[in-house]
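First comes the structure, then the notes that go with it.
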Amino acid sequence: MGPIGMSSGMDINSMVSKIVNAERVPKQQRIDFERTKIDSSISAYGRLRESLDTMKNLMANFRQEKAFAVRSVDTSEEGIVTATASTEAIAGKYAVDVLQLAQSHKVASDVVPEDTRFGPGKLQISLGEDSFDLSLGKHSKLIDVVRAINGSRDNPGIRASIIKDMNGPRLIVAANQSGAEKSILINVEAEPGDDLYRFEYKTIEQRVKQLESAQSEALALLGLPPQDSSEPTQDALNSDDPSLQAQQTEDARVAEGGQIEDGEGVKEDGGAPNPTAKEANSGRPEDTIPGWTETASGTLMDSYQAPEPEQDEKALEKSKEVPGWSNTASGTLTDSYVTPKEAQAKLEQELEAEKAAIAKAVAEADMTEAEAKKIERDKLTPEERERIEKVETAQAELAEAQRSLQVYKGMAEVQGAQDSIVVLDGVAELASSNNVIEDAIEGVDLTLKGTTQPGERPAEIGVEYDRQSVRADIEQFVAAYNQFYQVSADLAKVDPATGQVGPLSGDSVVRSADSRLKSVFSSAVEGAPDDLKTLTEFGITTTRQGNLEINYQMLDKQLNNNFTKLEDFFGGNNGFAKKVEDAIHSMTGVTGSIRTREKSLTERNYSLNDDQTTLNRRMEGLEKRTHDKFAAMQDATGKMQSQLAGMMNALS
């Protein structure tokens, strides 16, 4: 201590802090207490509002028109068929026979040796009406084919894979979509004999149709009538495929009776013989004498001389293929008619003539075949060049169709593309491209999982009113009210023994909420059936403790006997559900009593924040002023001590 008792090293910060805290603490405690109380009240109102809104949402479901139209579905054979029903479904029982399930198309190649190389060439793959093309380079491997198929951006839903059996790898091509219309077709364009043809896939019917189409185009190019599709093509009859021969023989039956002639001109079914061309010119009176009858005068035959045939042997032979031929027709009919074989021969003759001209040009002018062909074609008119190009195209298509029919080494079907088929109640047949049949019965969707075995009883689908679902909804409503009642009791409780009180103790909002709901529960619903006027008639009553309980015997009786009348009690703008909604909305709505209290408390919280800011600003000012005073005092004390020290030194 110095001479006047002042310390030269005062702890200014500690002294300032104690002075400021003495000023701050009472005011801070008041703000903190009020904020805690407000937060507790806001949380309590939130819990109360949440429990009421749960009830309100349940009542909104009851008020919907289809709340009591829910259907339940049972099936006797879930391993065969399951079902779902909408509110439009008609209650009843239905028998379902599943004849077949929908499946996707799948084809497989023969075993492909590991060292096989393909290409160059192109694959055209179709899935139903959609198709895409793939180009493969020279020396492509099997894995390259798979990657090209799966990696194509234009792929409409084809999946390729490789499986390895005991003999080697095979290519599997499958459709991702099921249904009869999603069948696979694969065309190959490659050099003759290329192993890429292993991946061609066409059914025998498609190959025959392709050949007939190529022939028709060739005939049209020559301006000739199309070949009668009922006649078997020589290529088909020469094929080693027995099914193709049988199919073509069957297609050859004449349209007017479904029969063909044998070598002697007799119908296969044993009927009357058909006259051959030779017999047609045999000179029988009924065939040659105009106006001949059984009762005609003998002089008619004596005076009639049969005309000489106008057709030679070649024309008579050819006449079998001439539409509209008769034994008295002019020979020009057969002379002008060209058969498909003659048409094809004529096409080949035209191309051979062009090739001969090109060969001659190459030999004489010492040029390449392409150059000679170009020079030869440059001499032609645009129409002639176009015709030659069409002829070449037609010949190429015809040759490809013949190759595909006679020398097929492509893929085989592993799984056929088919629709699902069911028979409903033994009379109605339904089909779908997948194993879900929508609206098989009005409002009912069937999911097929298996087929009905022959001799077994069909699966039975039962559609009923969903009473259990409505029962569960009523139970949820009662549970929601009981939860609200428990929450409100906890928030407003007062424990005399411990002195603890709830955050909403003595709050009129809690008492008002419960009072409004109890009033709705006890009031009658106008327009409801006489035996469904109040909630009590459902077996729902208030206990002595204040919550609700259910008499399930009464509830089940109403659900079984008056299920179709429940909507008259719960639904509509004047029904029970709407009344409960309105009562809750008056409390939890934007202008409701609970929302109003929450808004007031929130605004009070904002006011406390302002009070806290003001207090902090005042304490900062007090701390600064106090610190400055103590610093000035310490400075003055230091100066005094220096002066005293000087005086003491002077006196000594």
Side-chain angles (χ1 to χ4, degrees), residues 1-2 4-53 484-515 586-641:
M1 297 294 292
I4 60 175
M6 297 297 293
S7 172
S8 60
M10 294 184 294
D11 187 358
I12 297 177
N13 291 334
S14 177
M15 297 174 66
V16 170
S17 177
K18 290 178 181 179
I19 293 173
V20 171
N21 286 339
E23 181 74 17
R24 175 194 293 272
V25 168
K27 297 179 176 62
Q28 186 66 54
Q29 286 179 342
R30 180 187 64 80
I31 293 174
D32 292 344
F33 176 78
E34 288 192 28
R35 177 175 283 129
T36 300
K37 185 177 180 181
I38 290 173
D39 291 343
S40 177
S41 297
I42 290 176
S43 176
Y45 283 126
R47 291 175 58 193
L48 188 67
R49 177 168 48 80
E50 182 180 357
S51 64
L52 287 170
D53 284 340
F484 155 76
Y485 185 79
Q486 184 63 45
V487 168
S488 62
D490 291 340
L491 296 176
K493 70 180 179 180
V494 176
D495 190 345
T498 61
Q500 291 183 341
V501 296
L504 300 181
S505 175
D507 196 323
S508 61
V509 171
V510 178
R511 295 190 301 272
S512 174
D514 187 53
S515 175
S586 67
M587 294 175 280
T588 64
V590 176
T591 59
S593 56
I594 294 178
R595 287 283 191 183
T596 301
R597 291 292 179 88
E598 288 179 320
K599 183 178 179 180
S600 175
L601 291 172
T602 301
E603 291 175 352
R604 178 57 185 150
N605 226 348
Y606 292 151
S607 177
L608 287 177
N609 290 337
D610 294 340
D611 292 346
Q612 182 69 60
T613 300
T614 301
L615 177 63
N616 291 339
R617 187 168 55 251
R618 288 178 56 197
M619 293 302 101
E620 288 175 1
L622 176 63
E623 181 179 9
K624 185 177 184 303
R625 291 193 304 272
T626 304
H627 188 279
D628 290 344
K629 289 180 180 180
F630 275 101
M633 185 173 61
Q634 187 179 37
D635 184 55
T637 301
K639 290 180 179 179
M640 291 174 61
Q641 288 178 342

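Source: prediction; values computed, not measured.
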- One should read off an interatomic distance between S40 OG and L601 CG, to the nearest 0.5 angstrom, of 10.0 Å
- Query: Could you state the interatomic distance from OG1 (T588) to CG (L48), rounded to the nearest 0.5 Å?
  - Reply: 9.5 Å
- Task: Sequence neighbours left out, what passes side-chain contact (heavy atoms from CB on, under 4.5 Å) with T591? Give chain and number order.
- Result: none
- ring-ring contact (aromatic ring centres under 6.0 Å, His included) filter on Y45, not counting sequence neighbours, yields none
- Message: Going by the rule salt bridge (charged side-chain N to carboxylate O under 4.0 Å, His left out), which residues pair with K639 if we only count those two or more places apart in sequence or in a different chain?
- Response: D635
- Item | R30 vs D611 side-chain heavy atoms within contact, under 4.5 Å | yes
- Note on the structure: Sequence neighbours excluded, the answer for side chain to side chain donor-acceptor pair (under 3.5 Å) partners of R604 is E34, S607
- Query: Are any non-hydrogen side-chain atoms of I42 and T602 less than 4.5 angstrom apart?
  - Reply: yes
- Query: Any donor and acceptor pair, going by atom type alone, linking the side chain of S488 with main-chain N or O of Y485 inside 3.5 Å?
  - Reply: yes
- For R49, enumerate each residue passing the side chain to side chain donor-acceptor pair (under 3.5 Å) test, keeping only those at least two apart in sequence or located in another chain. E598
- Salt-bridge criterion met for D628 and K624 (N-O under 4.0 Å): yes
- If only atom types and distance count, is the side chain of S41 paired as donor or acceptor with the main-chain N or O of K37 below 3.5 Å? yes
- Note on the structure: side-chain contact (heavy atoms from CB on, under 4.5 Å) filter on T626, not counting sequence neighbours, yields V16, I19, L622, F630
- Message: Within the structure provided, determine whether D507 and L491 are in side-chain contact (heavy-atom separation under 4.5 Å).
- Response: no
- Message: Could you work out, with side-chain contact (heavy atoms from CB on, under 4.5 Å) as the rule, every residue matching K27, not counting sequence neighbours?
- Response: E23, L615, R618
- Message: Among residues at least two apart in sequence or on other chains, which ones pass side chain to side chain donor-acceptor pair (under 3.5 Å) with N616?
- Response: R24, Q612
- Name all residues meeting the side-chain contact (heavy atoms from CB on, under 4.5 Å) criterion together with S508; count only those two or more places apart in sequence or in a different chain, and write none if there are none. R511, R597
- Query: Would you say T36's side chain and D32's backbone share a donor-acceptor pair under 3.5 angstrom?
  - Reply: yes
- Item | Partner set under salt bridge (charged side-chain N to carboxylate O under 4.0 Å, His left out) for D490, not counting sequence neighbours | none
- Note on the structure: side chain to side chain donor-acceptor pair (under 3.5 Å) filter on K493, not counting sequence neighbours, yields none
- Message: Would you say that V20 contacts E620 through its side chain, given a criterion of any heavy-atom pair below 4.5 Å between the two side chains?
- Response: no
- Query: How would you list, by chain and number, every residue that makes a salt bridge (charged side-chain N to carboxylate O under 4.0 Å, His left out) with D53, sequence neighbours excluded?
  - Reply: none
- Supply the atom-to-atom distance H627 NE2 to N13 CG, rounded to the nearest 0.5 angstrom. 4.5 Å
